[in-house]
Student: 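Below are the structure tokens for one structure; questions will follow.
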Amino acid sequence: GAGVSQTPSNKVTEKGKYVELRCDPISGHTALYWYRQSLGQGPEFLIYFQGTGAADDSGLPNDRFFAVRPEGSVSTLKIQRTERGDSAVYLCASSFGGRSSGANVLTFGAGSRLTVL
Amino acid sequence: KQEVTQIPAALSVPEGENLVLNCSFTDSAIYNLQWFRQDPGKGLTSLLLIQSSQREQTSGRLNASLDKSSGRSTLYIAASQPGDSATYLCAVSSGFKTIFGAGTRLFVKA
């Protein structure tokens, strides 16, 4: 598509519930990133995909968080047993990937705002 | 571990003033540095990208500089306008990972 698309734009859930957030990257971008942004803070890295595999998941806060990208395009961030502290904006970005200086220019989606009551 | 710091955290200026936002990073082995703008409740919009081999980039009233050896970048905004009010984020890419600063919240008073 023309840009990075994220759904839903807003999600309100109750503590303990399961949540899925979806990201549709720019067509042709092999690299996909998930970030989490809390109020008043910069985006915090969660996980990076190169193709279908998670090349770096060091930012996932704990095992309640999981992300997949089964066909190397759309990605889903999954959060189990949600807690109030999970409330944040979850941002997805994509890029052409690779190690060259121009390849990892990120284009961000508008984000999914998660509120856990 | 790369750390990115932005100073000041917040800034309020009268319309028409020129201003400078600062960004510093701890690991100079970077591929590029990007400046983003974020409006309240919105996603990130890329303003300028400086490759590791470059020293500055310009777009309209914006000019960004990069000094890799000292781990610093500045974003210069000329003749500020109320529409420039937003949060400005600096982001450094090292390999595949992009690390963000906490941002500078700018308010331009009419």
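Small disclaimer: the values here were computed from a predicted structure and weren't measured.
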Student: Verify whether the ring centers belonging to B/F36 and A/F108 lie closer than 6.0 Å.
Tutor: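 So the answer is yes for these two rings.
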Student: What part of A/Q6 gets within 4.5 angstrom of chain B, counting heavy atoms only: side chain, backbone, both, or neither?
Tutor: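 No part of it gets close to chain B.
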Student: Which atoms form the tightest heavy-atom contact between B/G41 and A/R113, and what is the distance?
Tutor: CA-NH2, 3.7 Å
Student: For the hydrophobic clusters of this structure (ILVMFWY residues joined by side-chain heavy atoms under 4.5 Å, transitively), does one cluster hold both B/L48 and B/L44?
Tutor: no
Student: To the nearest 0.5 Å, tell me how far A/L106 CG sits from B/Q34 CD.
Tutor: 5.5 Å
Student: Are A/Y33 and A/I47 co-members of a hydrophobic cluster defined by side-chain heavy atoms under 4.5 Å apart?
Tutor: no
Student: What distance do A/L91 atom CG and B/Q38 atom CD have between them, rounded to the nearest 0.5 Å?
Tutor: 6.5 Å
Student: Using only atom types and a distance under 3.5 Å, with no angle test, would you say the side chain of A/Y35 pairs donor to acceptor with the backbone of B/T98?
Tutor: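 Side chain of A/Y35 to backbone of B/T98: a pair is present.
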Student: With a 4.5 angstrom heavy-atom cut-off, could you sort out which part of A/S9 is near chain B: side chain, backbone, both or neither?
Tutor: neither
Student: According to a hydrophobic-cluster definition based on side-chain heavy atoms being under 4.5 Å apart (Ile, Leu, Val, Met, Phe, Trp, Tyr only), do B/L75 and B/I99 belong together?
Tutor: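 Yes.
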Student: Distance from A/Q41 atom CD to B/T87 atom OG1, nearest 0.5 Å?
Tutor: 11.0 Å
Student: Can you tell me if A/L117 has over 12 outside heavy atoms packed within less than 6.0 Å of its CG?
Tutor: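 It does: A/L117 CG has more than 12 such atoms within range.
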Student: Indicate, with yes or no, if A/L21 and A/L60 share a hydrophobic cluster defined by side-chain heavy-atom contacts under 4.5 Å among Ile, Leu, Val, Met, Phe, Trp and Tyr.
Tutor: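 In one cluster: yes.
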Student: Do B/L62 and B/L106 sit in the same hydrophobic cluster, where Ile, Leu, Val, Met, Phe, Trp and Tyr count as joined when their side-chain heavy atoms come under 4.5 Å apart?
Tutor: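 Same hydrophobic cluster.
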Student: Report which part of B/L89 has an atom under 4.5 Å of a heavy atom belonging to chain A: side chain, backbone, both, or neither.
Tutor: side chain
Student: Using a cut-off of 6.0 Å, state whether more than 12 heavy atoms not belonging to B/K68 lie near its atom NZ.
Tutor: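 Counting other residues, nucleotides and ligands, NZ of B/K68 exceeds 12 neighbours.
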